[in-house]
Visitor: 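Dropping the structure in here first, questions after.
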Amino acid sequence: METPKPDNTAEEKDIDKRTGAGAVPVPNFIRSIIAEDMKSGKHDGRLMTRFPPEPNGYLHIGHAKSICLNFGLASEFGGLCNFRFDDTNPSKEEVEYVESILEDVHWLGFDWGDRLYYASDYFGRLYDYAVQLIKIGKAYVCDLSADEIREYRGTLTEPGRESPYRSRSAKENLELFERMRAGEFEDGSRVLRAKIDMASGNINMRDPVMYRIKKDTHHRTGDTWCIYPMYDFAHGLSDSIERITHSICTMEYEDHRPLYNWFLDELKVYHPQQIEFARLNLSRTVLSKRKLLKLVNERHVAGWDDPRMPTLAGMRRRGYTPAAIRNFCERIGVGKKESLVDMALLEYCVREELNKSAPRVMGVLRPLKVVIDNYPEDKEEYIEAINNPEDPGAGARKVPFSRVLYIERDDFMEDPPKQFFRLAPGREVRLRYAYFIKCEGVVKDEKGEVAELHCTYDPATRGGDAPDGRKVKATLHWVSAPHSIEAEVRLYDSLFVKEDPDDTEEGKDFTDYLNPKSLEALMSCHIEPSLKHAKPGDRYQFERMGYFCADSADSSPGRPVFNRTVTLKDEWAKLQKAGKK
RNA sequence: UGGGGAGUCGUCCAACGGCAGGACGACAGACUCUGGAUCUGUUUAUAGGGGUUCGAAUCCUCUCUCCCCAGCCA
């Protein structure tokens, strides 16, 4: 006999497998572009992508889409994907974020080899590029204040005005820029701007800021620099330095592409192609670092890795597997239109995988005591139970049975409606793998609540089949009361009650749509004794209840804590819900 | 009212001038020692108007709707 082996090997065995079992690559426009470029030999048959997160928050499922795209496409076409931190703003970035991001991408199953880069590694070269632009008259130091720059920029419908500092000589600009770098000026007193077109319909082209003064300590370069490049200047050149072929980013950067191209063209350097796709939106959650940070800071959740969070850290703790997430990212496809993907698809993906891999186990979440009156008081026996009917290799285990059991409260109704198949007075059901039992009596407490059930069992049905061929309509999970161990089980529901919490009504904030019932902690569940050895991160199916994962933070050997990853599909719950309407 | 982008089943994605297809969801049935899984079936879509064409989701044109952009954020 084998004890059920938890599904804790997903992390290792999944590495380098791009998609989960059954995943078929879906055609998308980026894949087509790359396929054509590879065929035409556009970059000498080379493919180089990059994943460029800013270390100012934790990665979420939306980032997973980008990670899967960049790393996935690279491996699919025999190319490489660089890992690059876009760390050009010291006031927002922290090493804590760097570390979590590295861990999350690795956990998702991708490998960047020795190609871990930082935009801050390029600060020296970026400075030289800026000097070059000054020399050819394409950049200037501007003394306008932030407010003045905004004012000079014009509006969406009116052109901007040229800065009075726009015509400084290259010599003067060079000298001023050097002094900016030397720390001679206060934060915000001067910036370096590209000299493009203040009348452009594209506001990004109205002499955008390239460098600003920030006397902040950078998480990697410390106090070496007091001027920092802006995204538009740093990003394209970092791509160029790394000889990226396809720079894949989200739609909001589409307006920035002319500027991306401008810097590269003016400097006459290697020119990657920027391609934009629509970011992921998921129903009943939010996917913006700003909003997630707010949930954390305002204690609406317990932290970045709260199992209700759509962060990779939260989903990992919740019990999601890397393959399920990758499979999800493949199934949602890639397009350019804004969309809201139904959470049901994510749940489908994780059930699909866990159904095949998670060992089955019995756990009673809301216990109801059952006494088998005709079962000897001092007797105990061990009954064989299959570990995973979907996986013959998973073997079987022995589960203790005795006179006093717990079953799920929801599996008994004193006065059941017609559609209810489970236990009721006078009715016979099967205890999974064990015996048929029949309810003979109901004991109530002083409040009139059902406190315990008295049943009889049929010894001839041991194992779960009746020799006389009689049938029962339901099979219940159970645990032996004296043998079971107590556990805490945390049931999660969606974080928000609104399909799209970003779609806020007048005067409301997305936090107004938080689901007050997103977490329900059940403190005295009874689970079968084989779970005594469950380790943090181990995943199981509690039969008939759902998939559960031993919590990595709060579980201890004496007191296991399980997180419900996702429920099983539940016909009965659906009927009940329909009946209430 | 400036610039950019997008409109295909309830949802997401295909179809790139030639039978609008898949997945999820929903609904119905089969099977079942998990009301799970599995299997089968059903359902519903080209934003609108003109045009080109033997033939248009696809090309042209006008209109409508939605999203993004006025950080010294990325």
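Worth saying up front: this structure is predicted, and the values here are computed from it rather than measured. In what follows, chains carry the letters A, B, and so on, assigned in the order in which the sequence lines appear, proteins first and then strands, with residues in each chain numbered from 1.
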Visitor: Could you run through nucleotides 42-47 of chain B and give me one letter per nucleotide, 5' to 3': B if any protein heavy atom sits under 4.0 Å from the base, S if only the sugar-phosphate is that close, - if neither?
Guide: ------
Visitor: Looking only at side-chain atoms of A:Arg360, point me to the closest of B:G36, B:C73, B:A70.
Guide: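 It is B:G36.
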Visitor: To the nearest Å, how far apart are A:Asn281 CG and B:U11 C1'?
Guide: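 In whole Å, B:U11 C1' and A:Asn281 CG are 13 Å from each other.
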Visitor: Would you kindly give the CZ-to-P distance between A:Arg279 and B:C66, to the nearest whole Å?
Guide: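 It works out to 21 Å between those atoms.
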Visitor: Has A:Arg544 got a side-chain N or O lying under 4.0 Å from the OP1 or OP2 atom of B:A37?
Guide: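 No, no such contact exists.
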Visitor: Does any donor atom in the side chain of A:Tyr231 or A:Asn89 lie under 3.5 Å from an acceptor atom in the other side chain?
Guide: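 Note: A:Tyr231 and A:Asn89 side chains miss the donor-acceptor criterion.
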Visitor: Would you indicate, yes or no, if B:G71 has its OP1 or OP2 atom less than 4.0 angstrom from a side-chain nitrogen or oxygen of A:Arg150?
Guide: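 Yes, A:Arg150 has a side-chain N/O under 4.0 Å of OP1/OP2 on B:G71.
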Visitor: Listed by chain and number, what are the side chain to side chain donor-acceptor pair (under 3.5 Å) partners of A:Asp342, not counting sequence neighbours?
Guide: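 With sequence neighbours excluded, A:Asp342 shows a side chain to side chain donor-acceptor pair (under 3.5 Å) to no residue whatsoever.
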Visitor: Provide, to the nearest angstrom, the distance between the CG atom belonging to A:Leu568 and the P atom belonging to B:U38.
Guide: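 Result: 11 Å.
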Visitor: Under the rule for side-chain contact (heavy atoms from CB on, under 4.5 Å), what residues qualify as partners of A:Thr475, not counting sequence neighbours?
Guide: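 Per chain and number, A:Thr475 pairs via side-chain contact (heavy atoms from CB on, under 4.5 Å) with A:Arg430, A:Arg432.
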Visitor: Which residue is it: A:Trp225, A:Phe85, A:Phe123, A:Tyr118? I am looking for the one with a ring pair (Phe, Tyr, Trp, His ring centres under 6.0 Å) to A:His218.
Guide: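 Single pass found, and it is A:Phe123.
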Visitor: Mind checking which stems touch RNA chain B? I mean at least 3 consecutive Watson-Crick or G-U pairs, both distances under 3.5 Å.
Guide: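 RNA chain B stems, ordered by first number: B:2-7 with B:64-69, B:10-13 with B:21-24, B:26-30 with B:38-42, B:47-51 with B:59-63.
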Visitor: Which residue, A:Asn56 or A:Ala434, contacts RNA chain B at a nucleotide closer to its 5' end, judged by nearest heavy atom?
Guide: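 Counting from the 5' end, the first nearest nucleotide belongs to A:Ala434.
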Visitor: Between B:U38 and A:Glu390, counting only base atoms on the nucleotide and side-chain atoms on the residue, is there a donor-acceptor pair under 3.5 Å?
Guide: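 A donor-acceptor contact between them is absent.
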Visitor: Under 4.0 angstrom, heavy atoms only, what part of the nucleic acid is A:Arg430 near: base, sugar-phosphate, or nothing?
Guide: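 Base, at least one base atom sits under 4.0 Å.
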Visitor: Among B:C72, B:G35, B:C73, which nucleotide sits nearest the side chain of A:Val191?
Guide: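 It is B:C72.
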Visitor: My understanding is that only residues two or more places apart in sequence, or in another chain, count here; which of them pass salt bridge (Lys or Arg N to Asp or Glu O under 4.0 Å) with A:Arg279?
Guide: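 A:Arg279 satisfies salt bridge (Lys or Arg N to Asp or Glu O under 4.0 Å) with A:Glu252 only.
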Visitor: How about A:Phe233 and A:Phe263: are their ring centres within less than 6.0 Å of each other?
Guide: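 Distance test on ring centres: under 6.0 Å, yes.
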Visitor: Going by salt bridge (Lys or Arg N to Asp or Glu O under 4.0 Å), name the residues that satisfy it together with A:Glu499, two or more places apart in sequence or in a different chain.
Guide: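 A:Glu499 satisfies salt bridge (Lys or Arg N to Asp or Glu O under 4.0 Å) with A:Arg284 only.
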Visitor: Does A:Lys438 NZ have over 12 foreign heavy atoms under 6.0 Å away?
Guide: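 Not buried by this count: 12 neighbours or fewer within 6.0 Å.
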Visitor: Name the pairs: protein N/O against N/O of nucleotides 56-58 of chain B, kept only if under 3.5 Å.
Guide:
none

Visitor: Within the 4.0 Å limit for protein heavy atoms, which parts of nucleotides 22-32 of chain B are touched? Write it as a string from 5' to 3', B for base, S for sugar-phosphate only, - for none.
Guide: -SS-SS-----
Visitor: Test of understanding: with side chain to side chain donor-acceptor pair (under 3.5 Å), list the residues that count as partners of A:Glu428, not counting sequence neighbours.
Guide: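 With neighbours one apart ignored, the set is A:Arg470.
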Visitor: Can you give me the N/O atom pairs linking the protein to nucleotides 14-18 of chain B at distances under 3.5 Å, or say none if there are none?
Guide:
{"residue": "B:A14", "atom": "OP1", "partner": "A:Val334", "partner atom": "O", "Å": "3.0"}

Visitor: Could you tell me the separation between the NZ atom of A:Lys92 and the P atom of B:C72, rounded to a whole number of Å?
Guide: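 In whole Å, B:C72 P and A:Lys92 NZ are 12 Å from each other.
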Visitor: Closer than 4.0 Å, any side-chain N/O of A:Lys289 to the OP1 or OP2 of B:C73?
Guide: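 The answer is no; no side-chain N or O of A:Lys289 sits under 4.0 Å from OP1 or OP2.
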Visitor: Counting side-chain heavy atoms from CB outward, which of B:C12, B:C72, B:A74 is closest to A:Glu54?
Guide: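 Looking only at side-chain atoms, A:Glu54 lies closest to B:A74.
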Visitor: Would you mind listing every salt bridge (charged side-chain N to carboxylate O under 4.0 Å, His left out) that reaches into residues 193-205 of chain A, with sequence neighbours excluded?
Guide: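 Those involving residues 193-205 of chain A do not exist here.
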Visitor: Report all interatomic pairs (protein N or O, nucleotide N or O of nucleotides 2-6 of chain B) with separations under 3.5 Å.
Guide:
{"residue": "B:G2", "atom": "N9", "partner": "A:Leu156", "partner atom": "O", "Å": "3.0"}
{"residue": "B:G2", "atom": "N2", "partner": "A:Gly201", "partner atom": "O", "Å": "3.3"}
{"residue": "B:G2", "atom": "N3", "partner": "A:Leu156", "partner atom": "O", "Å": "2.9"}
{"residue": "B:G3", "atom": "O4'", "partner": "A:Gly201", "partner atom": "O", "Å": "3.3"}
{"residue": "B:G3", "atom": "N2", "partner": "A:Asp255", "partner atom": "OD1", "Å": "3.3"}
{"residue": "B:G3", "atom": "N2", "partner": "A:Asp255", "partner atom": "OD2", "Å": "2.6"}
{"residue": "B:G4", "atom": "O2'", "partner": "A:Asp255", "partner atom": "OD1", "Å": "3.4"}

